Amino acid sequence: MLTLTGFADEISPDLHVQIEVLESEDIRFIELRGVWGKNVLQLSDQELSSLKEELLRKEIQLSSIGSPIGKINILDDFDEHLIQFDRALFAADYFHAKYIRIFSFFIPDGHNPDAYRDEVISRLSVLVKKAEQSGIVLLHENEKEIYGDNAIRCLDILETINSPYLRMAFDPANFVQCGVKPYSEAYPLLKSYVEYVHIKDALFESGKVVPAGKGDGEVRELLQTLKTSGYDGFLSLEPHLAAAETFSGFSGPDLFKVAAKALKDLLQETESKWK
């Protein structure tokens, strides 16, 4: 049984609008990235408390903390970033979320990513050790222009660190935007590490993000294989249909519903069960 979740800040900065649209789509989980115009790591203790109270009242849970951890240049100060990571760990514990989404650091323009491999592994190892101590699983997302943007370097990270507290958040659209075929090329290498899936599709020709099944992300094939392999984790809607920024994306209520319908259509085609 698959479980639907999503980046509700793509719907609206307003929590009540987020919840209204999620409820209309019968989605009972959120991947918390932002609310009230703030990133999750910028929310005060009082704001976290208010958010938790409202989510409990509406019986909505968190699938993951959609943090921006690892979305800094590999040459930027890491100690300051660790303070933010501690806040992410606190938020995950506070909301009883099993996962925190992370990245593997932007590589300077025009530089060979391999030149920064050791520093990437060193930094990620520190994050994973802290996560292990907190009982939180980190999900590495294959974002474009970070070290782990293609399948080979994602595999390098996961194999080298080799921890059950570091798994893969598989994003088909991001692979497309890096010139990688998500299902044909990336998934066979990474399938044993995939523990979470972002539902986002894109076109090779332009990199434009489109609803699931309308691009080159091989989402239909991926869903079919997830079904046959017994995957029972989260499918997280991250539509990016109106705007895509470095630290956020936006679709609006109507386009979020378009994205949800596209995913549900594919799930029906593949005879997958979801909740």
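All of these numbers come straight from a predicted model, not from anything done at the bench. Positions are given from 1 along the sequence.
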Taking C-beta and beyond as the side chain, do Leu124 and Val120 meet within less than 4.5 Å on heavy atoms? yes
Would you say that Thr160 contacts Ile157 through its side chain, given a criterion of any heavy-atom pair below 4.5 Å between the two side chains? no
Which residues satisfy the side-chain contact (heavy atoms from CB on, under 4.5 Å) test with Glu271, sequence neighbours excluded? Lys227
So, Arg87 side chain and Leu43 main chain: donor-acceptor pair closer than 3.5 Å or not? yes
When rounded to the nearest 0.5 angstrom, what distance separates CD in Glu20 from CD in Glu23? 8.0 Å
Where do Ile72 and Phe105 land on the side chain to side chain contact (heavy atoms under 4.5 Å, CB included) test, with the steps shown first? CA-CA 5 Å; Ile72 60 171; Phe105 306 97; 3.7 Å; yes
Gln42 versus Asn39: any side-chain heavy-atom pair under 4.5 Å? yes
Name all residues meeting the side-chain contact (heavy atoms from CB on, under 4.5 Å) criterion together with Asp109; count only those two or more places apart in sequence or in a different chain, and write none if there are none. none
Checking Asp232 now: which residues fulfil side-chain contact (heavy atoms from CB on, under 4.5 Å) with it, not counting sequence neighbours? none
If you apply the rule ring pair (Phe, Tyr, Trp, His ring centres under 6.0 Å), what do you find for His198 with Phe7, and how did you get there? CA-CA 10 Å; His198 284 167; Phe7 290 82; 5.2 Å; yes
With salt bridge (charged side-chain N to carboxylate O under 4.0 Å, His left out) as the rule and sequence neighbours excluded, what pairs involving residues 125-134 come up? Asp86-Lys130
Which class fits the ring pair Phe234 and Tyr99: parallel under 30°, tilted 30 to 60°, perpendicular over 60°? perpendicular
Heavy-atom nearest pair, Pro172 first then Gly217, reads CB-O, 3.6 Å
Do Asp45 and Tyr94 have side-chain N/O donor and acceptor atoms under 3.5 Å apart? no
Which pair of non-hydrogen atoms, one from Val210 and one from Leu241, has the smallest distance, and what is that distance? C-CD2, 3.7 Å
Residue pair Ile74 / Phe106, side-chain heavy-atom distance below 4.5 Å: no
According to the interplanar angle, ranging from 0 to 90°, do the rings of Phe170 and Phe175 count as parallel (below 30°), tilted (30 to 60°) or perpendicular (above 60°)? tilted
Which residues satisfy the side chain to side chain donor-acceptor pair (under 3.5 Å) test with Ser44, sequence neighbours excluded? Glu47
Does a donor on one side chain sit under 3.5 Å from an acceptor on the other, for Tyr196 and Ser63? yes
Give every residue pair that meets the salt bridge (charged side-chain N to carboxylate O under 4.0 Å, His left out) criterion with at least one member in residues 55-70, sequence neighbours excluded. Glu54-Arg57
Residues 203-218 vs salt bridge (charged side-chain N to carboxylate O under 4.0 Å, His left out), sequence neighbours excluded, gives none
Closest heavy-atom pair and its distance - Ala151, Leu189: CB-CD1, 3.9 Å
By salt bridge (charged side-chain N to carboxylate O under 4.0 Å, His left out), which residues pair with Lys261, not counting sequence neighbours? Asp265
Just wondering, do Val35 and Asp9 contact through their side chains at under 4.5 Å, heavy atoms? no
Is there a donor-acceptor contact under 3.5 Å from the side chain of Ser67 to the main chain of Arg101? yes
Is there a side-chain contact between Leu226 and Leu235, using heavy atoms and a 4.5 Å cut-off? yes
Under the salt bridge (charged side-chain N to carboxylate O under 4.0 Å, His left out) test, residues paired with Glu269 that sit two or more places apart: Arg220
Measuring only between side-chain heavy atoms, which start at C-beta, is Val128 closer than 4.5 Å to Leu138? yes
Using every non-hydrogen atom in the two residues, find where Gly148 and Ser104 come nearest and quote the distance to one decimal. N-OG, 2.8 Å
Exam field: side chain Asn162 to backbone Glu159, donor-acceptor pair closer than 3.5 Å: no
Pair Ser236, Glu31: side-chain N/O donor-acceptor within cut-off below 3.5 Å: yes
Is the side chain of Thr225 donor-acceptor paired with the backbone N or O of Leu222 at a distance under 3.5 Å, no angle test? no
For Glu141 and Asn174, does a side-chain donor sit closer than 3.5 Å to a side-chain acceptor? yes
Please enumerate all residues that pass side-chain contact (heavy atoms from CB on, under 4.5 Å) together with Asp118, with sequence neighbours excluded. none
By salt bridge (charged side-chain N to carboxylate O under 4.0 Å, His left out), which residues pair with Glu238, not counting sequence neighbours? Arg33, Lys200
Partner residues of Thr3 under the side chain to side chain donor-acceptor pair (under 3.5 Å) criterion, sequence neighbours left out: none
For Leu267, is there any backbone N or O sitting under 3.5 Å from a side-chain donor or acceptor partner on Thr270? yes
In the single-linkage hydrophobic clustering (I, L, V, M, F, W, Y; side-chain heavy atoms under 4.5 Å), do Leu203 and Ile199 co-cluster? no
Got Asp149 and Arg153 here, is their nearest side-chain heavy-atom distance under 4.5 Å? yes
